[in-house]
Amino acid sequence: MIRLTLYTTLGCHLCSQLEALLGHLSREPVALDRVEISEDDALVERYGVRIPVLADAEGKELDRGFEAPRLAAWLAERDWLDDDAWEVLHRQLAGEEPTREVHGAEMRNGRRYLG
């Protein structure tokens with residue numbers, strides 16, 4: 001299991017997008033320790049305009065992980081990337097592969113929409 005820290009705040013839609021991508025692109029299950037930044041002035045100062053921010057066990061951070069290529073590269077550096085899932089998503093984002101149904105939802109441009 002991969003353990004990561006997610007610096008976030010209530011209602012962060014980009015954080016939700018990152019979590020969905022992370023679940024799709026990681027080759028192992030991910031356990032997230034969510035840190036609510038709004039409760040700490042120092043965290044707001046550090047992460048306020050950068051969330052969502054992922055941090056690995058060594059403290060190496062990823063800003064803008066909701067951007068699929070950035071997240072894929074970060075996961076690949078740690079050998080955590082599901083290469084097959086990334087290949088399919090990459091082709092979909094490039095418009096090279098038609099969207100498909102996934103668990104009752106339609107995939108368009110790398111995002112899942114309920115039918």
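Residue indices begin at 1 and follow the sequence shown. Keep in mind that what you see is a predicted model, and the values were worked out from it rather than measured.
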Compare every heavy atom of [Y] with every heavy atom of [X], then report the nearest pair and how far apart it is.
| X | Y | answer |
| --- | --- | --- |
| Leu71 | Leu22 | CD2-N, 3.7 Å |
| Ala85 | His24 | CB-O, 3.5 Å |
| Ile2 | Ser26 | CD1-CB, 4.3 Å |
| Ala68 | Leu89 | CB-CD2, 4.1 Å |
| Glu28 | Met1 | OE1-N, 3.5 Å |
| Leu54 | Leu32 | CD2-CD2, 3.9 Å |

Sidechain N-carboxylate O distance under 4.0 Å for Arg34, Glu19
yes

I'd like to know if Glu61 and Arg50 make a salt bridge, using a cut-off of under 4.0 Å between side-chain N and carboxylate O.
yes

Using 0.5 Å steps for rounding, measure from the [atom1] atom of [X] to the [atom2] atom of [Y].
| X | Y | atom1 | atom2 | result |
| --- | --- | --- | --- | --- |
| Glu87 | Asp82 | CD | CG | 11.0 Å |
| Leu62 | Glu77 | CG | CD | 9.0 Å |
| Glu39 | Thr9 | CD | OG1 | 8.0 Å |
| Ile51 | Arg46 | CD1 | CZ | 14.0 Å |
| Ser16 | Phe66 | OG | CZ | 12.5 Å |

Under 3.5 Å, side chain of Glu36 to main-chain N/O of Ser38, donor-acceptor pair present?
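A pair under 3.5 Å: yes.
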
Give a yes or no on this: more than 12 heavy atoms of other residues, nucleotides or ligands lie within 6.0 Å of atom CG of Asp33.
yes

Answer yes or no: does atom CD of Glu45 have more than 12 heavy-atom neighbours from other residues, nucleotides or ligands under 6.0 Å?
no

Hphob cluster co-occupancy, Leu75 + Leu18, side-chain heavy atoms under 4.5 angstrom:
yes

Go through the steps to decide whether Asp79 and Arg27 satisfy the test salt bridge (Lys or Arg N to Asp or Glu O under 4.0 Å), and finish with yes or no.
CA-CA 9 Å; Asp79 197 32; Arg27 75 166 46 168; 3.6 Å; yes

Report the residue from Leu43, Leu10, Thr8, Val53 that forms a side-chain contact (heavy atoms from CB on, under 4.5 Å) with Ile37.
Leu43

According to the interplanar angle, ranging from 0 to 90°, do the rings of Trp80 and Trp74 count as parallel (below 30°), tilted (30 to 60°) or perpendicular (above 60°)?
perpendicular

